[in-house]
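A quick write-up on the structure given underneath.
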Amino acid sequence: MTLSPTAEAPTPPSAAEDGVWLSCIDCEASFAPFDAVRYTCDDCGGLLEVRYASPASLSDFEGSGVWRYADALPLDGGVSIQEGATPLYRVPDLADDVGVETLRIKHEGMNPTGSFKDRGMTVGVAVARELGVDRLACASTGNTSAALAAYGSRAGMETLVLLPAGKVAAGKVAQASLHGARILEVDGNFDACLDLVQALADRGEAYLLNSLNPFRLEGQKTIGLEILERFRADHGTFPNRIVLPVGNAGNTAALYKAFRELVAAGDLAVDEVPKLTGVQAEGAAPMVEAIENGADEIRRWDDVETRATAIRIGNPVNAPKALPGIRETGGTAVAVSDVEITDAQRDLAEAGIGVEPASAASFAGLRKLRDDGVVGEDEQIVCLTTGHLLKDPDAAAAAGTDPEPVPSDLEGVLDHLAEQP
Ligand SMILES: *Cc1c(COP(=O)(O)O)cnc(C)c1O
Ligand SMILES: [Zn+2]
């Protein structure tokens with residue numbers, strides 16, 4: 001296994017501020033982090049990532065939540081609503097059922113607005129404040145808009161969200177609305193919304209807080225740091241595999257970056273790096289296609305469909321960062337059907353863990369890879385569940401049991417209960 005870029009602590013270029021700078025993943029050009037609004041490389045248009053002169057070590061961290069990891073982040077503090085520090089549930093029955101040695105569920109639905117997007121926003125909105133911008137914007141399948149609305153509002157900034165009309169779960173629109181975002185319903189899919197909001201950002205209309213923004217991914221790195229710390233405290237070792245749903249592949253890229261930085265800090269041996277294993281819905285699986293074909297670039301899917309609306313994405317913007325992450329950690333990618341996703345949502349719910357459909361994709365993917373023999377019975381695995389059940393109440397109600405009408409008297413209720421269900 002080889003781990004490319006940032007695996008060695010680089011020398012800070014002249015553009016660095018306090019040992020932090022932005023670097024292009026394609027041409028290695030470097031830029032000052034906070035001198036101007038910039039999302040991609042000035043020279044070649046490549047994706048940017050945040051680099052640090054001194055890699056932070058697991059032994060340096062103090063406190064709880066995302067800002068516990070301030071030494072691994074570009075700022076000392078942010079616009080915080082106590083994000084992070086989410087549970088890593090034990091699920092021995094599910095581990096037995098799937099047939100793996102250890103399974104833990106990292107439930108990111110337990111963040112303030114109910115998804116991991118909060119981890120990126122606490123950092124991203126703080127950077128926006130540092131840059132002095134006054135209007136924030138994102139395209140979203142729902143959760144990014146909920147998080148942006150909450151964090152932007154807390155920071156006293158105007159927020160603009162572009163959503164694909166009719167394709168966003170009810171809970172998420174309600175959140176964006178109550179937290180005061182201006183909601184633009186676009187007659188197109190998520191990828192069209194992202195094209196539009198990028199064009200607006202390029203014209204200086206708003207600061208872009210999609211995961212193309214490298215600062216958001218820094219916040220999302222803390223998912224990986226929390227998993228590794230907690231898992232080792234409980235099991236004496238790191239998990240050998242992390243299975244996660246993939247939409248724009250921001251988390252895949254962020255976890256890979258967290259691992260490379262820990263390798264650089266000497267906290268993680270190269271052969272201890274968890275295998276990043278991405279799961280997509282069959283109707284929106286360009287990353288799976290690229291992994292299966294050994295392609296360096298993804299092919300944009302113009303028609304995408306799945307019940308897991310949070311990952312209904314045909315053009316994952318972070319693919320250039322995430323494909324090497326999956327390959328270099330020895331992981332893989334797999335597609336699951338909507339039926340498999342709903343079954344997995346029910347399995348998790350039976351263990352008391354309420355997740356939205358996209359989140360259940362990780363567990364559905366694990367089951368499939370175990371059945372196919374790709375995942376072995378001796379593995380120690382963490383599945384990431386990305387969003388809360390209440391995000392998509394319609395999907396939950398459709399997957400769950402139906403209410404039974406009864407009369408409002410005891411006899412009637414007893415008679416009803418005596419009937420076979
Ligand atoms: C945003 C989101 C995803 C996709 O995450 P990426 O980092 O874009 O791959 C998955 N699940 C949920 C619930 C999300 O909100
Ligand atoms: Zn470049």
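Read the numbers this way: they start at 1 and go in the same order the structure lists the ligands and their atoms. These figures come from a predicted structure and were not determined experimentally.
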Starting from atom 5 (O) of ligand 1, which protein heavy atom do you reach first, and at what distance in Å?
Phe116 CZ, 3.4 Å
Is it the case that atom CG in Asp195 sees more than 12 heavy atoms from other parts of the structure closer than 6.0 Å?
yes
Option among Asn143, Thr86, Thr385, Asn251 that satisfies the side chain to side chain donor-acceptor pair (under 3.5 Å) test with Glu108:
Thr86
Verify whether the ring centers belonging to Phe259 and Phe238 lie closer than 6.0 Å.
no
Atom 12 (C) of ligand 1 [closest protein heavy-atom partner, distance rounded to 0.1 Å]:
Thr386 OG1, 3.2 Å
Report, as yes or no, whether the 6.0 Å neighbourhood of atom CG on Asp187 holds more than 12 heavy atoms from other residues, nucleotides or ligands.
no
Counting each atom of ligand 1 from 1 as listed, which ones have a heavy atom of Val246 under 4.0 Å away?
9 (O)
So Val334 and Val288, do their side chains get closer than 4.5 Å, heavy atoms only?
no
Can you confirm whether Glu101 is buried at CD, in the sense that more than 12 heavy atoms of other residues, nucleotides or ligands lie under 6.0 Å from that atom?
yes
Is it true that Tyr39 and Tyr207 have ring centroids separated by less than 6.0 Å?
yes
Applying a heavy-atom cut-off of 4.0 Å, say which part of Ile311 lies close to ligand 1: side chain, backbone, both or neither.
side chain
Heteroatom proximity flag, Lys117 to ligand 1, N/O under 3.5 Å:
yes
At the Zn ion (ligand 2), SG of Cys41 and SG of Cys27 open up to roughly (10° bins) 110°
May I ask whether Ser211 has any heavy atom positioned less than 4.0 angstrom from an atom of ligand 1?
no
Write out the residue and atom name of the closest protein heavy atom to atom 4 (C) of ligand 1, then the distance separating them to 0.1 Å.
Gly247 N, 3.6 Å
Just let me know how Ala358 lines up against ligand 1, side chain, backbone, both or neither, with a heavy-atom cut-off below 4.0 Å.
side chain
Lys391, portion touching ligand 1 at heavy-atom distance under 4.0 Å
neither
Could you tell me whether Gly250 and ligand 1 have an N or O pair separated by under 3.5 Å?
yes
among protein heavy atoms, the one nearest atom 8 (O) of ligand 1 is Asn248 N, 2.8 Å
How close does the nearest protein non-hydrogen atom get to atom 7 (O) of ligand 1, and which residue and atom is it?
Asn251 N, 2.9 Å
Please check if any side-chain donor atom of Glu83 sits under 3.5 Å from a side-chain acceptor atom of Asn111, or the reverse.
no
Check this for me: does any side-chain nitrogen of one of Glu226 and Arg119 sit under 4.0 Å from a carboxylate oxygen of the other?
yes
